[in-house]
S.K.: 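Dropping the structure in here first, questions after.
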Amino acid sequence: QVQVVESGGGLVQAGGSLRLSCVASGITFRINAMGWYREAPGKQREFVAAVGSGGSTKYADSVKGRFTISRDNAKNTVYLQYLQMNSLKPEDTAVYYCNADGSLGIESTGTYYIPGNYWGQGTQVTVSS
């Protein structure tokens with residue numbers, strides 16, 4: 001059974017940094033891409049960043065230049081994904097969710113990410129002003 005677990009959230013002051021981690025375990029197939037989404041109170045869940053199996057990446061405009069996504073490929077059915085968040089702003093406050101087994105592709109309008117079926121329970125990130 002696939003399990004996705006996030007960690008690393010917390011409370012930080014504006015301008016600070018946090019590093020989120022995601023462990024996807026129980027994987028018996030090859031994962032294409034992984035991504036991060038976030039959901040702020042009263043708002044819809046939104047895309048943050050994604051990384052493909054070959055290292056290609058996509059970021060939401062709101063986090064470009066501040067967040068960096070990375071991953072370690074399968075080792076004994078476990079995939080690891082990270083989100084380094086720097087220069088955090090109060091508007092980054094949200095529950096951050098890890099997504100596994102998505103699709104990262106390229107079309108005429110740019111790179112796109114289609115989320116996979118596996119989601120974690122989320123980790124809270126709170127940025128104080």
S.K.: Do side-chain atoms of Y113 reach the backbone of G35 as a donor and acceptor pair under 3.5 angstrom?
M.R.: yes

S.K.: Hey, does V51 have a side-chain heavy atom less than 4.5 Å from the side chain of W36?
M.R.: no

S.K.: Considering non-hydrogen atoms only, spot the tightest contact between Y97 and G120 and give its length.
M.R.: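 It is CD2-O, 3.6 Å.
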
S.K.: Taking salt bridge (charged side-chain N to carboxylate O under 4.0 Å, His left out) as the test, write out the residues that go with K64, two or more places apart.
M.R.: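 With neighbours one apart ignored, the set is D61.
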
S.K.: Kindly say whether C98 contributes a backbone atom to a donor-acceptor pair with the side chain of E6 at under 3.5 angstrom?
M.R.: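 Looks like yes, one N/O pair under 3.5 Å.
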
S.K.: Heavy atoms only: give me the nearest A49-L83 pair and the separation to one decimal.
M.R.: CB-CD1, 4.2 Å

S.K.: Side-chain contact test, heavy atoms from C-beta onward, threshold under 4.5 Å: evaluate it for W119 versus R45 and give yes or no.
M.R.: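 When only atoms from C-beta onward are counted, R45 and W119 do touch, with a gap below 4.5 Å.
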
S.K.: To the nearest 0.5 Å, tell me how far S25 OG sits from Y118 OH.
M.R.: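 Going from the OG atom of S25 to the OH atom of Y118 covers 11.5 Å.
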
S.K.: Can you name the side chain to side chain donor-acceptor pair (under 3.5 Å) partners of R66, sequence neighbours left out?
M.R.: D92

S.K.: Tell me every residue that passes side chain to side chain donor-acceptor pair (under 3.5 Å) with Q124, counting only those two or more places apart in sequence or in another chain.
M.R.: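 Testing Q124 for side chain to side chain donor-acceptor pair (under 3.5 Å), a comparison that skips the adjacent residues, returns T126.
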
S.K.: Which ILVMFWY residues can you reach from V5 by hopping between side chains whose heavy atoms are under 4.5 Å apart?
M.R.: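 None; V5 is a cluster of one.
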
S.K.: Taking C-beta and beyond as the side chain, do L104 and K58 meet within less than 4.5 Å on heavy atoms?
M.R.: yes

S.K.: Test of understanding: clusters of I, L, V, M, F, W, Y form through side-chain heavy atoms closer than 4.5 Å, transitively. Do L20 and V95 belong to the same one?
M.R.: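 Unlinked, L20 and V95 end up in two clusters.
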
S.K.: Which atoms form the tightest heavy-atom contact between I31 and R71, and what is the distance?
M.R.: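 Where I31 meets R71 most closely, the heavy atoms are O-NH2, 3.7 Å.
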
S.K.: Can you establish whether the number of heavy atoms outside E107 located under 6.0 Å from its atom CD is more than 12?
M.R.: yes

S.K.: Hey, are the side chains of S21 and Q81 touching, using non-hydrogen atoms and a 4.5 Å cut-off?
M.R.: no

S.K.: What heavy-atom pair brings A14 and S129 nearest, and what distance separates the two atoms?
M.R.: CB-CA, 4.4 Å

S.K.: Taking the side chain as everything from C-beta on, heavy atoms only, tell me whether V125 gets closer than 4.5 Å to L18.
M.R.: yes

S.K.: Nearest 0.5 Å, what's the CZ-CZ distance between F67 and R19?
M.R.: 14.5 Å

S.K.: For Y112, which fellow cluster members are found when Ile, Leu, Val, Met, Phe, Trp and Tyr are connected by side-chain heavy-atom distances below 4.5 angstrom, either directly or through intermediates?
M.R.: I114

S.K.: Report yes if the side chains of M34 and N99 come closer than 4.5 Å at any heavy-atom pair, otherwise no.
M.R.: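 They are not in contact (no side-chain heavy atoms under 4.5 Å apart), so the answer is no.
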
S.K.: Could you walk me through whether Y96 and M85 satisfy the side chain to side chain contact (heavy atoms under 4.5 Å, CB included) test, starting with their C-alpha distance in whole Å, then the side-chain angles of each, then the deciding distance to 0.1 Å, before giving a yes or no?
M.R.: CA-CA 12 Å; Y96 283 71; M85 305 186 295; 3.9 Å; yes

S.K.: Within a strict 4.5 Å, meaning less than it, do heavy atoms of the V4 and Q121 side chains meet?
M.R.: no

S.K.: Name all residues meeting the side chain to side chain donor-acceptor pair (under 3.5 Å) criterion together with S17; count only those two or more places apart in sequence or in a different chain, and write none if there are none.
M.R.: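 Side chain to side chain donor-acceptor pair (under 3.5 Å) check on S17 returns N86.
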
S.K.: Could you label the plane-to-plane angle of the F47 and Y37 rings as parallel, tilted or perpendicular, counting under 30° as parallel and over 60° as perpendicular?
M.R.: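 The rings of F47 and Y37 stand perpendicular, inter-plane angle above 60°.
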
S.K.: Of all heavy-atom pairs between N32 and S103, which one has the smallest distance, and what is that distance?
M.R.: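 Shortest heavy-atom contact: ND2-CA, 3.5 Å.
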
S.K.: Is V23 close to V78 at the side-chain level, that is, under 4.5 Å between some pair of heavy atoms?
M.R.: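 In short, these two side chains touch, coming nearer than 4.5 Å.
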
